[in-house]
A.B. asks: 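Got a structure here, written out as structure tokens. Questions coming.
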Amino acid sequence: MSGTLPPASVVPPPPGFGAVLETPEVSALRRRLHGRLLEIVNRMPRPLAEDVAALLGRHGRTRTAHQGDLFVLFPAPVWSFLHWVPAARRPDAERLHAAALLLHLWDDHLTDRQLAADLAALHLRTELWRCLERDAAALCAAWGANPKLVAGHTERYLSATHAPRTPADLDSYCATAREQAALWTLLPRLLETGGRAEAGWSSLVEDFAVAWRLVDDAADVRRDAVAGIRSAVWWELPGTGRAQWDARSPLTGRTDASGCGPEAAPRDGSEGAGCAQAVTRVLARAAALLAAAADRAAAAGEGGVATELLTARVGVLTSAPLPW
């Protein structure tokens, strides 16, 4: 779908991105995706379902969605393609993608212990996987897509999240991020291979996912430094900066993040500058990914998603100073 965009509403973005102007139809899709999650939740035993529905309802709540609006936490391009690709406007496709998006977030929070691994959380994870596999199989049958794609994308995601390879540089770090986004690119690939969408949607979602990882790493630089996590920023640091970062690892007993804010970096570009310059380079890489994706979308006549990508990119370019 392309052409002039109808009236839009401003949706507050995740940290580091520009506020996307959502059309009424895209905003309706966002709220509908939360409803698709509740369809999955309602398959759980009632005592567990009530707790999970309440938890999801507390995230991303808006005035127009009293039951919750979880996907306001996700930048529009990673889910709005369901609106821009007409064939994706069906309940099973929406439910599949909603499950894929939440699975990534759910697994991340279970792994880093932001989310308690109780019966409700684990049961929801099981239901999300069941839904993803069931709806993917139905879409493969309806569109004539290769069912092996489902297993392939699942294996890529699980391998990259459960036992990721140790990166050798920023390129391989970003390659791992691409693999970790495999669940998010499953539906676009089914649409492409089933002849329901032009090629390019899966790479667009994948590029956006990598850009999001880079932006998130830039926003979390202080927390990652304290935790000793080698994020994208670490890979852009000079040798002395990496050593200083690693010295804050929990294994060393240090918990301060001195030297990780812009105030700690001289402005002469010297080796001692480190962190501020590294963050700038990480954000520049994210902005380049978004610009390239927007160019491809525009060339394919997909003006709606191209506008979303460029709007998100504006926030990346103007995100300094970061919340350190």
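This chain uses plain numbering: 1 for the first residue, then up along the sequence.
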A.B. asks: Between atom CG of Asp135 and atom CZ of Arg90, what is the distance when rounded to the nearest 0.5 Å?
C.D. replies: 9.0 Å
A.B. asks: So which atom in Ala182 and which in His153 form the shortest heavy-atom distance, rounded to 0.1 Å?
C.D. replies: O-ND1, 2.8 Å
A.B. asks: Answer yes or no: is there a side-chain heavy-atom contact under 4.5 Å between Val210 and Arg285?
C.D. replies: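 Of all side-chain heavy-atom pairs linking Arg285 with Val210, none is under 4.5 Å.
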A.B. asks: Could you give me the CA-CA distance, side-chain angles and deciding distance for Gln244 and Leu237, then say whether side-chain contact (heavy atoms from CB on, under 4.5 Å) is met?
C.D. replies: CA-CA 10 Å; Gln244 186 179 13; Leu237 288 170; over 6 Å; no
A.B. asks: A side-chain contact here means heavy atoms from C-beta on lying under 4.5 Å apart; do Ile40 and Leu102 qualify?
C.D. replies: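 With C-beta onward as the side chain, the pair stays apart.
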A.B. asks: Of the non-hydrogen atoms in Leu82 and Ala93, which two are nearest, and what is the gap between them?
C.D. replies: CD2-O, 3.8 Å
A.B. asks: Can you tell me how far the CG atom of Leu204 sits from the OG1 atom of Thr185, to the nearest 0.5 Å?
C.D. replies: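 Result: 11.5 Å between the selected atoms.
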A.B. asks: Does Leu214 share a hydrophobic cluster with Ile229, counting links as ILVMFWY side-chain heavy atoms below 4.5 Å and allowing steps through other members?
C.D. replies: no
A.B. asks: With a 4.5 Å heavy-atom cut-off, do Trp201 and Leu191 have their side chains touching?
C.D. replies: no
A.B. asks: Are any of the side-chain heavy atoms of Trp212 and Leu289 separated by less than 4.5 Å?
C.D. replies: no
A.B. asks: May I ask you to check whether Phe208 and Phe17 place their ring centres under 6.0 Å from each other?
C.D. replies: yes
A.B. asks: Is any side-chain heavy atom of Val85 closer than 4.5 Å to a side-chain heavy atom of Arg196?
C.D. replies: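 No, every pair of side-chain atoms sits at 4.5 Å or beyond.
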A.B. asks: Report yes or no: does Arg30 contribute a side-chain atom to a donor-acceptor pair with the main-chain N or O of Phe71 at less than 3.5 Å?
C.D. replies: no
A.B. asks: For Val150 versus Cys140, what's the shortest heavy-atom pair and its separation?
C.D. replies: CG2-SG, 4.1 Å
A.B. asks: With a 4.5 Å cut-off on side-chain heavy atoms, are Arg213 and Gln180 touching?
C.D. replies: yes
A.B. asks: Do side-chain atoms of Arg31 reach the backbone of Asp69 as a donor and acceptor pair under 3.5 angstrom?
C.D. replies: no
A.B. asks: Report the distance from atom CG of Asp169 to atom OG of Ser172, rounding to the nearest 0.5 Å.
C.D. replies: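 Reported value, rounded in 0.5 Å steps: 4.0 Å.
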A.B. asks: Taking all atoms of both residues into account, what is the closest heavy-atom pair of Ala306 and Ala298, and its distance?
C.D. replies: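 Closest heavy-atom pair between Ala306 and Ala298: CB-N, 3.9 Å.
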A.B. asks: Residues in side chain to side chain contact (heavy atoms under 4.5 Å, CB included) with Arg165, at least two apart?
C.D. replies: none
A.B. asks: Quick one: does Arg95's side chain have a donor or acceptor within less than 3.5 Å of a partner on Glu39's backbone?
C.D. replies: no
A.B. asks: First locate atom CG of Leu186, then atom CZ of Arg189, and finally report the distance between them rounded to the nearest 0.5 Å.
C.D. replies: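 These two atoms lie 10.0 Å from each other.
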A.B. asks: Please confirm whether the backbone N or O of Gln277 pairs with a side-chain atom of Glu236, one donor and one acceptor, at under 3.5 Å?
C.D. replies: no
A.B. asks: Determine whether a donor-acceptor pair (N or O, by modelled atom type, separation under 3.5 Å) exists between the side chain of Arg230 and the backbone of Trp235.
C.D. replies: no
A.B. asks: Do Asp220 and Ser231 have side-chain heavy atoms sitting under 4.5 Å apart?
C.D. replies: no
A.B. asks: In plain terms, say whether Glu94 and Arg36 are close enough for a salt bridge, that is, a side-chain N and a carboxylate O under 4.0 Å apart.
C.D. replies: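 Answer for the salt bridge query: yes.
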A.B. asks: Return yes if some donor-acceptor pair links the side-chain N/O of Ser159 with the main-chain N/O of Arg156 below 3.5 Å, else return no.
C.D. replies: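 No, because the side chain of Ser159 does not come within donor-acceptor range (under 3.5 Å) of the backbone of Arg156.
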A.B. asks: Between Glu22 and Ser27, do the side chains contain an N or O donor and an N or O acceptor separated by less than 3.5 Å?
C.D. replies: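 There is such a pair (donor and acceptor under 3.5 Å, judged by atom type) between the side chains of Glu22 and Ser27.
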A.B. asks: Return the minimal non-hydrogen interatomic distance between Ala218 and Val279, and the atom names on each side.
C.D. replies: CB-CG1, 4.0 Å
A.B. asks: Before you tell me yes or no, could you show the steps for Asp207 and Arg178 under side-chain contact (heavy atoms from CB on, under 4.5 Å), namely the whole-Å CA-CA distance, both residues' side-chain angles and the distance that decides it to 0.1 Å?
C.D. replies: CA-CA 8 Å; Asp207 280 354; Arg178 290 184 183 279; 2.7 Å; yes
A.B. asks: Quick one: closest heavy-atom pair of Ala209 and Ala181, and the distance?
C.D. replies: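 In this case the closest contact between Ala209 and Ala181 is CB-CB, 3.6 Å.
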A.B. asks: Using side-chain heavy atoms (C-beta onward) and a distance below 4.5 Å, is Val205 in contact with Ser202?
C.D. replies: no
A.B. asks: Evaluate Leu37 against Leu33 for side-chain contact (heavy atoms from CB on, under 4.5 Å), listing each step before the verdict.
C.D. replies: CA-CA 6 Å; Leu37 285 183; Leu33 289 175; over 6 Å; no
A.B. asks: Would a hydrophobic clustering, with Ile, Leu, Val, Met, Phe, Trp and Tyr connected at side-chain separations under 4.5 Å, put Leu310 with Val316?
C.D. replies: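 No, Leu310 does not connect to Val316 through the hydrophobic network.
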A.B. asks: Between atom CG of Leu55 and atom CG of Asp51, what is the distance when rounded to the nearest 0.5 Å?
C.D. replies: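 Atom-to-atom, Leu55:CG and Asp51:CG are 9.0 Å apart.
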A.B. asks: First locate atom CH2 of Trp143, then atom OG1 of Thr193, and finally report the distance between them rounded to the nearest 0.5 Å.
C.D. replies: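 Trp143 atom CH2 to Thr193 atom OG1 measures 9.0 Å (nearest 0.5 Å).
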A.B. asks: How would you list all residue pairs meeting ring pair (Phe, Tyr, Trp, His ring centres under 6.0 Å) that involve residues 85-114, not counting sequence neighbours?
C.D. replies: Phe81-His97, His104-Tyr157, His104-Trp184
A.B. asks: Restricting to pairs with a member in residues 103-123, which pass salt bridge (charged side-chain N to carboxylate O under 4.0 Å, His left out), not counting sequence neighbours?
C.D. replies: Asp107-Arg125
A.B. asks: Show, in sequence, the C-alpha distance, side-chain angles and deciding distance for Thr154 and Glu133, and conclude whether the side-chain contact (heavy atoms from CB on, under 4.5 Å) test is met.
C.D. replies: CA-CA 9 Å; Thr154 297; Glu133 293 172 348; 5.6 Å; no
A.B. asks: Using only atom types and a distance under 3.5 Å, with no angle test, would you say the side chain of Asp217 pairs donor to acceptor with the backbone of Ala232?
C.D. replies: yes
A.B. asks: Is the number of heavy atoms from other residues, nucleotides or ligands under 6.0 Å of Leu119 CG greater than 12?
C.D. replies: no
A.B. asks: Under 3.5 Å, is there a donor-acceptor pair between the Asp224 and Trp245 side chains?
C.D. replies: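 The criterion, which ignores hydrogens and geometry beyond distance, is not satisfied for Trp245 and Asp224.
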